[in-house]
2 protein chains.
Amino acid sequence: MGTASCCGERIVLMKLNTGTNAGSDSGTRGEAGGQPPVRSSGSIGGDIRALRRSRGWTLTDLAERLERSVGWLSQVERGQSEPALADIRTVAGLFDLPVSFFFSQSPDTAEAPYVVRGDSRRTMSDEGKGLVESLLSPDLGGAFEIVHSVFAAGARCPEPFVRPTEEAGYVIEGSLTLFIDGERFELNQGDSFRFAGETVSWVNEGDVPAVLIWVIAPPVY
Amino acid sequence: MGTASCCGERIVLMKLNTGTNAGSDSGTRGEAGGQPPVRSSGSIGGDIRALRRSRGWTLTDLAERLERSVGWLSQVERGQSEPALADIRTVAGLFDLPVSFFFSQSPDTAEAPYVVRGDSRRTMSDEGKGLVESLLSPDLGGAFEIVHSVFAAGARCPEPFVRPTEEAGYVIEGSLTLFIDGERFELNQGDSFRFAGETVSWVNEGDVPAVLIWVIAPPVY
DNA sequence: AGAATGAAAATCTGATTGATTTTTTCATTC
DNA sequence: GAATGAAAAAATCAATCAGATTTTCATTCT
């Protein structure tokens, strides 16, 4: 486990500007048609599809790693079939997410497609790495991702990372030191930043947690 | 003046998914080539270009409204010529921005391309409308826009709006009531939301200002 | 019954080309 | 040095087609 979109661990293969999952179907809102018995979004299947796409993988790519057929995966992603627990574990491992992520949907209220309450966010990284990231959008997918990130006092990015994404953030609380292409920036409450393509790393040199809003486009989770 | 990206006043004509200004050239970072004497980004010209594009206008479209030639506008946008004050006033009017916006660049430090300090954001809307929006990214353009928005106590969106964008936000302080396609959502500190294509409006029914981070893709400013 | 497969059918994506639009360049005038 | 206008260059768009990806579905498995 122990993910970190703000870290180098996660590597995105997809090209920029593909516009692939730019709010088209991978999203949730809408859910128009009415035949399929299980909704595919805001569900495990929808998550898997969004995750797969954020990596630029095809059904075949993922099916191979899962040692399952493509047809089955297609059905799972569209909610027409349920994956076994073992499959979910494998998927979680592949995407470096806690298994709990797939079961921490917001309660199935009417507001689910639009609103995420502060106390029911889905967390991507578990404690212990010094960084806790949780999703602020109702589901994976869309043109960008908003993440609520808490960097523990003293936490440090294991190694610099580069991603084919555009990223920006805002410091809500505490302070965080960011290194962008070697340059050092001390960000305090109210400061914001943006980068795209640079080599980045971070440290929380303060003695309180740093709380940031971090936006990434296209999504990496 | 009195703009409001969170309001219906601003109408975006561009199609979705064009991927036009998706972090390609409209951005800043880089500034590689070395001939042109004036840098075009982080400058008035760069702003005008980004604004024009966010509306889906061509040089011709804007030149007509400015009653200037296309060649001249091209030069202005690339910093090879300076617009007269009168032109800037017209541009500000066209894009519904305060003239000051074009002169409130961050100080020309090394961090300018990456960081915006809390005390030197560029403000898009002036006081008095109940909504103050300021830019959290170093410049206009890019795949999305992060805005710091303060909704005064009692402020209300003049009329519902629809935009061809994907938008998400996070409540830092206070609370804001959002109407998405008729449904009412009371958002409090720590809550977040996302919508795309729906009809939206808002009110701050609380007695303190609501402070939000608001993300819009593609940019509307 | 529902998971899972495999293969055919449908859909989507990417590359190509040429026509059109948009942008840049530049010699010239204000 | 601003500003124009027209030629040159570059970027965009629509149509097309081949190949890749996804969906569907009849069938088998548990």
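Throughout, a chain's letter reflects where its sequence line sits, starting with A, and its residues are numbered from 1. We use all heavy atoms of the structure for the numbers below, so side chains are in, but hydrogens, waters and symmetry mates are not.
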Under 4.0 Å between a side-chain N or O of A:R53 and OP1 or OP2 of C:dC12? no
Taking B:F193 as the fixed residue, which of B:W214, B:Y170, B:W202 is the one that meets the ring-ring contact (aromatic ring centres under 6.0 Å, His included) rule? B:W214
Nearest heavy-atom neighbours spanning B:F102 and B:R122: CA-NH2, 4.2 Å
Quick one: the dot-bracket string of DNA chain C, using Watson-Crick and G-U wobble pairs with both distances under 3.5 Å, [ ] for crossing pairs and | for bases paired to another strand. ||||||||||||||||||||||||||||||
Side-chain N or O of B:S74 versus OP1/OP2 of C:dT23: is the shortest distance under 4.0 Å? no
Rounded to whole Å, please give me the gap between CZ in A:R52 and P in D:dT21. 10 Å
Atom-to-atom span, CD of A:E77 to C1' of D:dT21 - whole angstrom: 12 Å
Phosphate OP1/OP2 of C:dT24: any B:R49 side-chain N/O under 4.0 Å: yes
C:dT25 phosphate, OP1 or OP2: any side-chain N/O from B:R78 under 4.0 angstrom? yes
I'd like to know if the side chain of A:T90 pairs up with that of A:D87 as donor and acceptor (distance under 3.5 Å, no hydrogens or angles considered). no
Would you give a per-nucleotide map of nucleotides 1-8 of chain D, 5' to 3', where B means the base has a protein non-hydrogen atom under 4.0 Å away, S means only the sugar-phosphate does, and - means neither? -SSBB---
Tightest non-hydrogen contact, residues A:V147 and A:E133, listed as CG1-CB, 3.7 Å
